[in-house]
Amino acid sequence: MGKGGQSCNGMVRQAKPVEQENMAAWLVDVNTIKILPFKLPSIGPNDVRIRIKAVGICGSDVHYLKTMKCADFEVKEPMVIGHECAGIVDKVGSEVKHLVPGDRVAVEPGISCARCQQCKGGRYNLCPDMKFFATPPVHGSLANQIVHPADLCFKLPENVSLEEGAMCEPLSVGVHACRRANVGPETTVLIIGAGPIGLVSVLAARAFGAPRIVIVDMDDKRLAMAKSLGADEAVKVSTKMEDLDDEVAEIKKAMISEVDVTFDCVGFNKTMSTGLNATRPGGKVCLVGMGHGVMTVPLTPAAAREVDVVGVFRYQNTWPLCLEFLRSGKIDVKPLITHRFGFTEKEVEEAFATSARGGNAIKVMFKL
């Protein structure tokens, strides 16, 4: 081959484009993330390959980074991190009909088996064989590209950004909680905890029509954010169990009427006790946060008032509704995205450190 792409016989040949190696953020040890090559599987007939453009950091990602564990899951070998994501379809499998290259999509991160009793009953989020991004030993999505089932990739409306698409994952938790609790125009809602999940629960409860929402937290700035997102009242609380009775009285005063549904987005002894004591007879307490694996709470008094305790684990069939809420403007998640970082090793470290510090960081987002 001569210079300028011309062969010695004068024929011009088109040089093949050099395909860049796929890179990903690998959790390799405690507090250690490295950007390393990530080899993708071949695309099956019902799969798509996606160029990832936005990934949010979740509290579970931070837990894995700090301890290599989260709940009962343990990272035993290097794992690609991240599960809140959106991107652009790069290639589609032969049987994929609803997506084409160039489509922008939000990605649901869990692949259920579709065969077990839970899946067949419609509660696929409880599938015992769920393969969920960045839940050991399954690799996550903080990478240049991923391969994923096409039916778990949802085309974004024109007026919804890729960052908003990535926010469908945490928003789905709030939407699923509202469905589990049957939140509607006659349901007053108490939300305990103004972290990211508490805040998306405010947005979801308002979109579902809750007429009054009260939120509690220890942090004034988070409470102010909650009010700006649609909470009617905010109650500042402490970590002291001896303050519980006074705080419950203050919550009831702030609600004006009774508390129909409580979302405990923290999952500690005191927060769950607060929810059980504050909720009206016949109401519901939804355990959304799972801070403590074992809790000591006043179940007997709650049982005597027939307060239902409802578990909330991930979500099911929420992406279409989330995208409709975003498209219609019923929900605006943009104020929750407080920090943005690029995809270099240094920026990945800074992003996780920012998320772990909390403070004014609500949702930390990578832009790839």
Side-chain angles (χ1 to χ4, degrees), residues 22 24-27 38 40-41 43-44 46-65 70-73 75 79-90 99 103-114 118-119 123-156 160 162-177 196-197 200 288 290 312-323 326 333 337 352 355 363-366 368:
N22 188 45
W26 291 77
L27 175 59
F38 179 34
L40 295 177
I43 299 177
N46 296 299
D47 296 335
V48 293
R49 188 172 69 202
I50 303 166
R51 285 180 282 125
I52 295 296
K53 292 297 180 182
V55 181
I57 296 179
C58 174
S60 64
D61 297 322
V62 176
H63 276 295
Y64 284 126
L65 176 64
C70 187
D72 295 330
F73 298 99
V75 180
M79 178 187 77
V80 177
I81 202 78
H83 62 268
E84 303 175 359
C85 60
I88 300 172
V89 174
D90 185 58
L99 294 172
D103 282 344
R104 301 175 313 123
V105 293
V107 181
E108 182 172 353
I111 306 172
S112 61
C113 76
Q118 298 296 343
C119 287
R123 303 182 74 176
Y124 68 84
N125 57 311
L126 303 180
C127 174
D129 295 319
M130 177 72 76
K131 294 177 173 61
F132 195 91
F133 281 162
T135 300
V138 181
H139 290 305
S141 58
L142 185 47
N144 296 130
Q145 294 186 336
I146 63 168
V147 170
H148 204 58
D151 65 317
L152 296 174
C153 301
F154 300 86
K155 189 173 178 179
L156 297 179
V160 175
L162 287 158
E163 287 188 342
E164 292 172 278
M167 287 295 293
C168 281
E169 200 281 337
L171 179 59
S172 284
V173 177
V175 167
H176 182 56
I197 294 302
V200 295
V288 184
M290 299 180 184
V312 174
F313 183 64
R314 292 176 179 158
Y315 32 69
Q316 59 191 30
N317 299 314
T318 51
W319 261 252
L321 182 56
C322 287
L323 289 173
L326 296 174
V333 293
I337 305 170
F352 272 91
S355 183
K363 182 56 62 177
V364 177
M365 187 76 66
F366 291 106
L368 283 75

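Along the sequence shown, the residues carry numbers beginning at 1.
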Within a strict 4.5 Å, meaning less than it, do heavy atoms of the [X] and [Y] side chains meet?
| X | Y | result |
| --- | --- | --- |
| Leu142 | Leu368 | yes |
| Asp61 | Cys58 | yes |
| Cys153 | Ile50 | yes |
| Ile43 | Val48 | no |
| Val80 | Trp26 | yes |
| Ser112 | Cys119 | yes |
| Arg123 | Gln316 | yes |

What pair of heavy atoms forms the shortest contact from [X] to [Y], and how long is it?
| X | Y | value |
| --- | --- | --- |
| Ser355 | Val62 | OG-CG2, 3.7 Å |
| Cys127 | Cys113 | SG-N, 3.4 Å |
| Pro136 | Met79 | N-SD, 3.7 Å |
| Ala86 | Gly165 | CB-C, 3.9 Å |
| Gly56 | Met365 | N-SD, 3.5 Å |
| Gly140 | Ile146 | O-CG2, 4.3 Å |

Nearest 0.5 Å, please: how far is [atom2] in [Y] from [atom1] in [X]?
| X | Y | atom1 | atom2 | result |
| --- | --- | --- | --- | --- |
| Asn125 | Asn317 | CG | CG | 9.0 Å |
| Ile337 | Glu163 | CD1 | CD | 4.5 Å |
| Leu99 | Arg104 | CG | CZ | 12.5 Å |
| Leu171 | Glu84 | CG | CD | 11.0 Å |
| Cys85 | Phe133 | SG | CZ | 5.0 Å |
| Ile111 | Asp129 | CD1 | CG | 12.5 Å |

One pair to check against side-chain contact (heavy atoms from CB on, under 4.5 Å): Leu323 and Leu156. What are the steps and the verdict? CA-CA 7 Å; Leu323 289 173; Leu156 297 179; 3.6 Å; yes

Do any N or O atoms from the side chain of [X] and from the backbone of [Y] form a donor-acceptor pair under 3.5 angstrom?
| X | Y | value |
| --- | --- | --- |
| Asn22 | Gln145 | yes |
| His148 | Glu108 | yes |
| Tyr124 | Met130 | no |
| Asn46 | Pro149 | no |

Parallel, tilted or perpendicular: which fits the ring planes of Phe366 and Phe352, with parallel below 30° and perpendicular above 60°?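 Judged by the thresholds at 30° and 60°, the geometry between Phe366 and Phe352 is tilted.
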
Would you call the rings of Tyr315 and Phe132 parallel, tilted or perpendicular, taking 30° and 60° as the class edges?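 Tyr315 and Phe132: tilted rings.
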
